[in-house]
Amino acid sequence: MAADFRTPDRLLPATAEEPTTPQGRPPSPVLSSPAVPDATHDDLRFWQYMLAGSVAGVVEHTAMFPVDTLKTHMQASAPPCRPALSLRAALRNAVAGEGGALALYRGLPAMALGAGPAHAVYFSVYELAKSALTDRLGPNNPAAHAASGVVATVASDAVFTPMDTVKQRLQLTSSPYTGVGHCVRTVLRDEGPSAFFVSYRTTVVMNAPYTAVHFATYEAAKRMLGDIAAEEESLAVHATAGAAAGALAAAVTTPFDVVKTQLQCQGVCGCERFSSSSIGDVFRAIIKRDGYSGLMRGWKPRMLFHAPAAAICWSTYEALKSSFGRFNEERRK
């Protein structure tokens with residue numbers, strides 16, 4: 001059974017009787033009594049989930065960063081990105097300027113600064129919420145997995161959104177910023193701290209359904225593939241389940257990603273500046289300007305990013321969890 005952080009004594013057998021003193025009173029607590037290990041379910045500690053998630057996030061985003069850059073070029077409404085670029089045209093546009101192919105990695109330091117802490121929060125909060133909810137709803141419950149994912153993304157987006165804004169602006173062709181520090185200082189001076197969080201609400205609205213679909217699909221696919229594969233926890237199972245989850249969740253939430261990108265890049269390199277950060281207002285502005293197809297701009301690179309990225313992320317995360325599990329077991333011997 002998963003550990004319960006609120007009441008560790010729930011881990012004791014339900015039939016155990018409470019010891020009493022000869023006078024019939026419960027004994028006073030003894031501080032030297034063995035404590036319940038500070039581990040979550042899967043017998044891992046909180047910091048181990050955070051470290052595994054942080055490494056997985058950085059590996060995932062670094063491996064797929066060029067595809068993310070192409071998505072940003074296709075979604076941003078700056079000339080020459082209007083009319084909408086095809087994937088091939090976005091690639092030509094990205095490497096045509098200064099830096100050549102290295103331009104596909106502009107903004108990578110900002111991503112690394114944000115993705116590590118954000119994924120540490122993401123996975124640790126997910127594991128804690130999953131542990132608590134499965135105690136109440138039972139194991140392998142899709143609602144518990146989806147709800148845990150939503151809670152995790154609300155927390156992690158608060159950490160990642162500022163650096164995601166910096167990353168998006170650095171990825172644009174002819175970006176006016178020379179690096180992460182210059183972008184942060186310029187935005188603070190010209191637009192104020194709120195500019196870093198202008199897309200937070202949209203990001204949460206996008207990532208809540210994305211994460212719910214992602215985690216529910218991942219857990220379901222992992223169980224289904226586990227019935228077929230010889231080893232349920234094999235690397236191939238985690239990678240395949242992660243890829244399926246990432247692709248489906250990415251397709252469903254692309255319109256919100258378009259809104260997020262345009263809010264983050266507004267006013268930069270000729271991108272349209274919106275009078276309001278309301279999700280509904282930006283949706284209507286995009287539809288009026290580009291039609292409904294404008295809401296699906298960049299869906300190909302988004303799916304090309306999230307399917308392998310999720311496979312990389314989940315397989316890295318689960319591999320690190322297994323390593324930590326073996327490490328914990330060796331320490332107990």
Without swapping roles, check the side chain of [X] against the backbone of [Y] for a donor-acceptor pair under 3.5 Å.
X: Gln168; Y: Cys265; value: no
X: Ser54; Y: Ala120; value: no
X: Thr153; Y: Gly149; value: no
X: Arg331; Y: Phe327; value: no
X: Asn141; Y: Ala144; value: yes
X: Thr134; Y: Ser131; value: yes

Checking [X] now: which residues fulfil side-chain hydrogen bond (donor to acceptor under 3.5 Å, both in side chains) with it, not counting sequence neighbours?
X: Tyr177; value: Arg169
X: Arg185; value: none
X: Gln48; value: Asn328

Test: Lys321 and Glu318 ion pair at under 4.0 Å:
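Looking at Lys321 and Glu318, the cut-off is met.
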Ion pair present between Glu219 and Lys222, side-chain N to carboxylate O less than 4.0 angstrom?
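Between Lys222 and Glu219 there is a salt bridge, with a charged N closer than 4.0 Å to a carboxylate O.
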Quick one: does [X]'s side chain get under 4.5 Å of [Y]'s, heavy atoms only?
X: Phe65; Y: Met111; result: yes
X: Gln264; Y: Asp164; result: yes
X: Leu304; Y: Leu87; result: yes
X: Asp281; Y: Ser275; result: no
X: Arg297; Y: Gln262; result: yes
X: Leu263; Y: Thr165; result: no

Taking atom CZ of Arg88 as the centre, report whether more than 12 heavy atoms of other residues, nucleotides or ligands fall under 6.0 Å from it.
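Not more than 12 within 6.0 Å, no.
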When you look at CZ of Phe283, are more than 12 heavy atoms from neighbouring residues, nucleotides or ligands closer to it than 6.0 Å?
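Above 12, so yes.
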What residue pairs, at least two apart or across chains, pass side-chain hydrogen bond (donor to acceptor under 3.5 Å, both in side chains) with a residue in residues 59-70?
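Pairs touching residues 59-70 that pass the test: Glu60-His119, Asp68-Lys167, Asp68-Gln171, Thr69-Gln171.
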Donor-acceptor pairs under 3.5 Å, side chain of residues 239-259 to any protein atom, not counting sequence neighbours: which ones?
from, atom 1, to, atom 2, distance (Å)
Thr240, OG1, Ala236, O, 2.8
Thr253, OG1, Ala249, O, 2.8
Thr253, OG1, Arg302, NH2, 2.6
Thr254, OG1, Ala250, O, 2.9
Asp257, OD2, Lys71, NZ, 2.9
Asp257, OD2, Gln75, NE2, 3.0

Is the ring pair His214/Tyr210 parallel, tilted or perpendicular, if the boundaries are 30 and 60 degrees?
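His214 vs Tyr210 ring planes: tilted.
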Same apolar cluster: Leu108 and Leu102, side chain cutoff 4.5 Å:
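As far as the 4.5 Å side-chain criterion goes, Leu102 and Leu108 are not connected within one cluster.
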Hydrophobic cluster of Val58, others only, ordered by chain and residue number, side-chain cut-off 4.5 Å:
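In the cluster with Val58 there is nothing else; it is isolated.
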Decide yes or no on side-chain hydrogen bond (donor to acceptor under 3.5 Å, both in side chains) for His238 and Tyr218, but give the supporting numbers first.
CA-CA 8 Å; His238 291 304; Tyr218 173 75; 2.8 Å; yes
